[in-house]
Number of protein chains: 2
Amino acid sequence: MKRSKEEQKKATIRKLTEVARVHFSAHGYAEASTEEMVQEAGLTRGALYHHFGNKEGLFHAVLAMVQAEIAQQVESEAAQSEDLWEQLVLGCRAFVSAAVESPNRRILLIDGPSVLGWESWRQMDQEHSMRLLHEQLLLIDEQGGLKPVSIPALTHLLSGAMNEAALWIAQMPDQQHALIEATASLRLMLDGFKAQ
Amino acid sequence: MKRSKEEQKKATIRKLTEVARVHFSAHGYAEASTEEMVQEAGLTRGALYHHFGNKEGLFHAVLAMVQAEIAQQVESEAAQSEDLWEQLVLGCRAFVSAAVESPNRRILLIDGPSVLGWESWRQMDQEHSMRLLHEQLLLIDEQGGLKPVSIPALTHLLSGAMNEAALWIAQMPDQQHALIEATASLRLMLDGFKAQ
DNA sequence: TCACATACATACAGTTTGTATGTTAAATTG
DNA sequence: CAATTTAACATACAAACTGTATGTATGTGA
């Protein structure tokens, strides 16, 4: 049984990120021990530092995975409608739903900005979910669907609102109901920007 | 020169929190060394652990100070108007302005949730700025000023939007202009909830 | 096939947090 | 007012953790 080096590498990276995702989301970045993670992955810390440089590098890779997953869910959910505005609402709800999930929440919303710094975190977001939000708002604006407003400012406000919504929902006893309430509020919020 | 123990205690706590606030906001929680902080305060780590229990306890005290300061600024700014709705807008702008400031931003918005956990952080917020926001929304609602909406959900959405706005503004080249744009967007956002 | 690169493992050093113990001065009490 | 206690620290130490330097084995290209 001899795997090529490339296969080996891919497998190691995947195993480590998967294990790390669990530890980071369960215990938080600071409390997640590199030693415990590599042991659970059947490796040593040598492998971690070889592939990711340091602990932060591993976290970065995990966050990238989370971001990509969520963005994909948002995109496919938004594609359910033909109407630009309805796409926006569907995408927003999909984002909140995905961000609430425990394998994502802490990594994406709590530790992400703290570990990588807000600017790095934001840049990653720009390449995933936030990009979708921004592009959608631009599309709507092009068709005159928005009141005159700074699109970047609006994008950030909405993004922040949704992030907080996810964290709020996560700790509510009835999450399903909380999601409905948050979505309703979000819809009204969006209405404020709609050109009549 | 003999100070009473109570005076000594107060002075030590104040000195430590002040130094810690600088270190936490400049380097972040994880990179702020307890040894460096107590040295700069002219003490040893014994004093820190005596008064605050651990590093997290010190951070908690610093964050409480930051929260209290900001809440006071929000409250006094909102008091400039008689109109409930205008008070809300003024308070929101004051909050963003205060949260942008570098002695506050990282501690309040980046490291706070990560270090204390979102629920503890949120609970502290509930006792300060967020309480003001929530009460103001309730007041407006009592007078029929709001569309039918879940006030808690709305409170969180707005709070999240403002937090993100502060982080966005902070890294813009022209912060003054960014604050104006964010405030304008926020006003539209609030308009979405206004009963006509 | 032979030199090299890659994917790790191992060993070690440096830092940092937290705790346990000691010390001094103020406060309390008999 | 003397004796005792207690609070505010300082000091010393243990444990954990990250990062780095080095070693090794295996695959790969010339």
Side-chain angles (χ1 to χ4, degrees), chain A residues 1-63 107 111 114-117 120, chain B residues 1-63 107 111 114-117 120:
Chain A
M1 172 182 101
K2 61 165 199 179
R3 289 185 298 179
S4 81
K5 273 200 173 179
E6 207 164 349
E7 279 170 357
Q8 175 99 357
K9 179 177 182 171
K10 271 204 330 194
T12 298
I13 289 180
R14 190 149 53 86
K15 182 70 184 168
L16 262 178
T17 47
E18 276 171 9
V19 170
R21 181 177 186 168
V22 175
H23 281 238
F24 284 146
S25 55
H27 316 302
Y29 178 81
E31 311 305 320
S33 158
T34 57
E35 182 59 37
E36 280 182 32
M37 290 191 284
V38 294
Q39 267 188 28
E40 192 172 318
L43 296 158
T44 66
R45 292 173 49 250
L48 193 165
Y49 282 85
H50 176 69
H51 289 294
F52 300 100
N54 53 23
K55 188 182 177 183
E56 190 178 318
L58 176 59
F59 182 84
H60 190 279
V62 171
L63 177 53
I107 293 170
D111 287 339
S114 160
V115 172
L116 302 179
S120 298
Chain B
M1 171 179 104
K2 62 166 200 180
R3 289 184 297 179
S4 82
K5 272 200 174 178
E6 208 165 348
E7 280 169 358
Q8 176 98 359
K9 179 177 180 171
K10 271 203 332 191
T12 297
I13 289 179
R14 190 149 53 86
K15 182 70 183 167
L16 261 177
T17 48
E18 277 171 9
V19 170
R21 181 177 185 168
V22 175
H23 281 238
F24 284 147
S25 55
H27 317 299
Y29 178 81
E31 311 306 319
S33 158
T34 55
E35 183 60 36
E36 281 183 31
M37 291 190 282
V38 295
Q39 267 187 28
E40 192 172 318
L43 295 158
T44 68
R45 290 173 48 250
L48 193 163
Y49 281 85
H50 177 68
H51 289 295
F52 299 99
N54 54 23
K55 187 181 177 184
E56 191 178 318
L58 175 59
F59 182 83
H60 190 279
V62 170
L63 177 53
I107 293 170
D111 288 337
S114 160
V115 172
L116 302 179
S120 299

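For the numbers below, each heavy atom of this structure counts, side chains included, while hydrogens, waters and symmetry mates do not. Letters A, B, ... mirror the listed sequences (proteins, then strands); counts begin at 1.
- Residues A/M37 and A/L58 meet the side-chain proximity criterion, which asks for heavy atoms closer than 4.5 Å.
- Here the side chain of B/S120 pairs no donor or acceptor atom with the backbone of B/G117 at under 3.5 angstrom.
- Between B/T12 and D/dA8 there is no side-chain N or O to OP1 or OP2 distance below 4.0 Å.
- By the side chain to side chain contact (heavy atoms under 4.5 Å, CB included) test, B/A41 pairs with B/K15, B/L16, B/V19, B/L43, sequence neighbours left out.
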B/F52/B/H60 under side-chain contact (heavy atoms from CB on, under 4.5 Å): CA gap, chis, key distance, verdict: CA-CA 9 Å; B/F52 299 99; B/H60 190 279; over 6 Å; no

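- No option in B/T17, B/V115, B/L116 other than B/L116 meets the side chain to side chain contact (heavy atoms under 4.5 Å, CB included) test with B/L63.
- Side-chain contact between B/F59 and B/D111 is present, with heavy atoms from C-beta onward closer than 4.5 Å.
- Within residues 50-58 of chain B, the residues having any heavy atom closer than 4.0 Å to DNA chain D are, in order of number, B/H50, B/H51.
- Considering only side-chain N and O atoms, A/Q8 lies under 4.0 angstrom from the phosphate OP1 or OP2 of C/dC8.
- Annotation for B/K55 and B/Y29: closest pair NZ-O, 2.9 Å, computed over non-hydrogen atoms.
- Separation of atoms CD1 (B/I13) and CD (B/Q8) is listed at 11.0 Å; rounding is to 0.5 Å.
- Nucleotide C/dA7 holds its C1' atom 13 Å from the CG atom of A/L48, rounded to whole Å.
- If you measure from atom OH of A/Y49 to atom P of D/dT22, you get 18 Å, rounded to the nearest angstrom.
- Taking the side chain of A/K9 as heavy atoms from C-beta on, and the options C/dA7, D/dA10, C/dA9, the nearest nucleotide is C/dA7.
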Distances under 3.5 Å only, N/O to N/O: pair up the protein atoms with those of nucleotides 2-4 of chain D.
none

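- Counting only residues at least two apart or on different chains, the side chain to side chain donor-acceptor pair (under 3.5 Å) pairs with a member in residues 35-48 of chain B are B/H23-B/E40, B/T34-B/R45, B/E35-B/Q39.
- Nucleotide D/dA8 holds its P atom 8 Å from the CD1 atom of B/I13, rounded to whole Å.
- Scanning residues 23-42 of chain A for heavy-atom distances under 4.0 Å to DNA chain C yields an empty list.
- Per the geometry, CD belonging to B/E6 stands 15 Å off C1' belonging to C/dT28, to the nearest Å.
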Is there any protein nitrogen or oxygen under 3.5 Å from a nitrogen or oxygen in nucleotides 10-15 of chain C, and what are the pairs?
none

